[in-house]
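Computed over heavy atoms, backbone and side chain alike; hydrogens, waters and symmetry mates excluded. Note that this is a predicted model, so its numbers are computed, not measured. Atoms within a ligand are numbered from 1 in the order they appear, just like the ligands themselves.
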Amino acid sequence: MDLPLNPFKAALRRSEPLYGIWAGFATPYAAEIIATTGYDWMLVDGEHAPNTVPTLLAQLQAVAPYATHPVVRAVHGDAVLIKQLLDAGVQTLMVPMVETAEQARALVQAMRYPPHGIRGVGGGLTRATRWDAVPDYIRTAHEQLCLVVQIESRLGVENAAEIAAVDGVDAVFIGPADLSTGMGHAGDASQPEVQDCIRRTIETTLAHGKACGILAPREEDARRYTEWGCRFVAVAIDISLMRQAAVANLARYRAPSQPAIVSTTY
Ligand SMILES: O=C(O)C(=O)C[C@H](O)[C@@H](O)CO
């Protein structure tokens, strides 16, 4: 069989925004529900959701029949973990907290086979090669792999040009929560100096011919970042959607200040 194409990587070159959703339930069942809803991509979160390599694999398998592209966020940029994720069939990998070009280059190396990198060869053991059904995987894999590095610190913003310039970095994704918190604003990305960093990072990334993305569950933020040039925007978080819907539904019957009648005490 042919090497599965990466439609997300191809779509990053287009001008229309790609709308995504954060998938934090860490279960294949919930991931599959999300995959049916029509978002262009979903972020399967291995950093802040309770995921492991097997749970990420199960989610990749669950969403495989659907058009929504799974972007998997690793808990960190360790080369050994990256090897396992790629072997499991991750095509688009997001790595948090990339602050220097050197870090970005190491990530590219982790995703490529020698002589271009250090990825170990799993061959017929791996889902990535469809258990050896894909011919010439070693020589062609990099064409369909996509590396998204997260810039989410002041140092990362300062080094954004060098990071975006790294050959093999396909896109930059801004983390507004970590960026604002690291700048002393405890998750408040609306602060002018944080907004300034976000805008500069977008402009710098685009100037280097790379796509830029961001998490923006509030509509006004998502629209502004899109206007500033973000190409892929996560406009929702599944867990927040569920909680907000549950709270709003109960509020139709009972004031939020009223305690539950049935309560379990220990
Ligand atoms: O800093 C950010 O913003 C992100 O990287 C996304 C967060 O980790 C996300 O989990 C917030 O819910």
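A salt bridge links R200 with D196: the closest approach of a Lys/Arg side-chain nitrogen to an acidic carboxylate oxygen falls below 4.0 angstrom. Taking a cutoff of 4.0 Å between a charged side-chain nitrogen and a carboxylate oxygen, R154 and E158 do not qualify as a salt bridge.
Ligand 1 has no nitrogen or oxygen under 3.5 angstrom from a nitrogen or oxygen of E47. Between L215 and ligand 1, not a single N/O pair is under 3.5 Å apart. Of the N or O atoms in P176, one or more lie within a sub-3.5 Å distance of an N or O in ligand 1.
A tilted orientation is assigned to the rings of W22 and F173, their planes being inclined by 30° to 60°.
Atoms of ligand 1 lying under 4.0 Å from any heavy atom of Q150, numbered from 1 in the order shown and given with element: 4 (C), 5 (O). Near H48, the atoms of ligand 1 lying under 4.0 angstrom from a non-hydrogen atom of the residue are 8 (O), 10 (O).
In this structure, CE in M111 is found 7.5 Å from CG in D170, a value given to the nearest 0.5 Å.
For R73, every heavy-atom contact with ligand 1 shorter than 4.0 Å involves the side chain, none the backbone. With a heavy-atom cut-off of 4.0 Å, D178 touches ligand 1 through backbone and side chain alike.
Side-chain contact between Q103 and V95 is absent, with no heavy-atom pair separated by less than 4.5 Å. In this structure, the side chains of F25 and Q59 stay at 4.5 Å or more apart for every pair of heavy atoms.
Across all their heavy atoms, N51 and A26 have their closest contact at OD1-CB, 3.4 Å.
Closest to atom 3 (O) of ligand 1 among all protein heavy atoms lies A177 N, 2.8 Å. With respect to atom 12 (O) of ligand 1, the closest heavy atom belonging to the protein is I237 CD1, 3.8 Å.
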